[in-house]
Number of protein chains: 2
Amino acid sequence: MRSDAKKNYDHVLAVARAAVTEGGPDVSMRDIARQAGVGLATLLRHFPTREALFEALLRASLDRLTQRADELEASRKPDEALLSWLSEWVAFALGHRGAVAMMATAHANPDSALYAACAAVHAASARLLLRAQTDGVARADITGDDLFGLMCGLGWLVDLPPFAPRADHLLHILASAILIEPAAGSGRIEATRP
Amino acid sequence: MRSDAKKNYDHVLAVARAAVTEGGPDVSMRDIARQAGVGLATLLRHFPTREALFEALLRASLDRLTQRADELEASRKPDEALLSWLSEWVAFALGHRGAVAMMATAHANPDSALYAACAAVHAASARLLLRAQTDGVARADITGDDLFGLMCGLGWLVDLPPFAPRADHLLHILASAILIEPAAGSGRIEATRP
DNA sequence: ACCTGAACACCGTTCAAGT
DNA sequence: ACCTGAACACCGTTCAAGT
């Protein structure tokens, strides 16, 4: 990319971020182009779809998020790590309106610009889940897909203003479905032997 | 309403149902009007918004759904009733693409045509939840709003094709967060006495 | 009463033409 | 290489004019 184009790109992206923050995830591409003082066709050449634009807007946050999964895995007990991971996810959802809904639809579509990011979040979730399951502190009958789905459902929900205040509580309710309460079998009794 | 207008209304509604089933919840109102052989302005006079159209399309199903809550309350044990209610809700979500998402946004907006329907589902949910809580088989720290929210999150999720096949399993995972497992305290031991 | 065509202000897509 | 205006086919809203 030429340096003047790069500068243009950065400017457009900054304006887009402000426009999305201000007007919500459905601001028209035309509006963004207008606010950036650039032709609509130019905006669409940089970001052919809304998803491509969001991918660029979310990249840094998503990188930080998935990196956080590594840190949690290295520094925390399996159950604590998984719980904190869910908490980080909810914080991400609350901080980026519309992002979760977009990711939920993108995760099954390899052509989406957000596909790779979804796969990374999915993989991180599955890894933390498997670790907790191996340790016996998470339900064994939940798959990585299930967890990713539940995370999307929760993230989408708390994205709705009426439910945002209950985000933390709803997160703990969901966590209680995934994590096995220590009270139930802390003595490591084999559950169902015939 | 004049009888010819009534006939027109019914015809438009039938065509709209087919169009939504065929083309998804975002079919253009123009398309529906075209398929019904009626002016766009006429369609919009009957249904000023997409929500008004959906309210008419969903009314029978929603009535059946909330009525089902009464039946469950009368015929089943509190925990079974609540679990079955969640199951009915998921079936509703799977049967009416886009409905849950619309209801989730409508439930906090008294001006929405779907507001009353949302309130009815919310009330039914809260009633079944309270009954289960009183009986000690549901977590006490969940509110009716929480339950309605979780139901919306789950309903929205299973509306996405990749997650639909796991609907029943996801439902049971969520239920395990709400219902108290009999194994944990079937002997009615007071949980935390200092 | 009930319906409608048409004008309106929008949207994202596409491409030939400019620098 | 990079940008752009303009044409295009769409959308929902609105209203004066028809039966």
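Order of the sequence lines fixes the chain letters, A, B, ..., with proteins taken first and strands second; residue numbering starts at 1 for each chain.
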Over how many whole Å does the gap from [X] atom [atom1] to [N] atom [atom2] extend?
X     : N      : atom1 : atom2 : result
B:I32 : D:dC11 : CD1   : P     : 11 Å
A:L44 : D:dT4  : CG    : C1'   : 12 Å
A:L43 : C:dT13 : CG    : P     : 10 Å
B:M29 : C:dT4  : CE    : P     : 15 Å
B:L40 : D:dA16 : CG    : C1'   : 16 Å
A:R45 : D:dT4  : CZ    : P     : 8 Å
A:Y9  : D:dC2  : OH    : C1'   : 15 Å
A:K7  : D:dC3  : NZ    : P     : 13 Å

Taking a pair as Watson-Crick or G-U wobble with both distances under 3.5 Å, which nucleotide is matched to C:dG18? D:dC2

Using Watson-Crick or G-U wobble geometry with both distances under 3.5 Å, which nucleotide pairs with C:dC8?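 The answer is D:dG12, by the H-bond criterion.
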
Before you tell me yes or no, could you show the steps for B:T21 and B:R97 under side chain to side chain donor-acceptor pair (under 3.5 Å), namely the whole-Å CA-CA distance, both residues' side-chain angles and the distance that decides it to 0.1 Å? CA-CA 8 Å; B:T21 303; B:R97 184 146 297 175; over 6 Å; no

[X] versus [Y]: any side-chain heavy-atom pair under 4.5 Å?
X      : Y      : result
A:V121 : A:H107 : no
B:L13  : B:L53  : yes
B:L65  : B:W85  : yes

Looking at [N], I'd like to know if its phosphate oxygens (OP1 or OP2) sit under 4.0 Å from a side-chain N or O belonging to [X].
X     : N      : value
A:R34 : C:dC11 : yes
B:H46 : C:dC2  : no
B:N8  : C:dC2  : no

Pick the nucleotide of DNA chain D nearest each of A:G37 and B:T49; which residue has the one closer to the 5' end? A:G37

Describe the nucleic acid contact of B:T42 in one word from base, sugar-phosphate, nothing, applying a heavy-atom distance below 4.0 Å.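 If one applies the 4.0 Å heavy-atom cut-off, B:T42 turns out to touch a base.
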
Record whether the side chain of B:R50 comes under 3.5 Å of the base of D:dG12 through a donor-acceptor pair of N or O atoms.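 Side chain to base: no pair present.
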
Among D:dC15, C:dC3, C:dG12, the one nearest B:A41 by side-chain distance: D:dC15

So if I take every side-chain heavy atom of B:R30 and compare against D:dC3, D:dG12, C:dG5, which nucleotide ends up nearest? D:dG12

Does this structure show an ion pair linking B:R127 with B:D70, if we count only N-O contacts that are shorter than 4.0 Å? yes

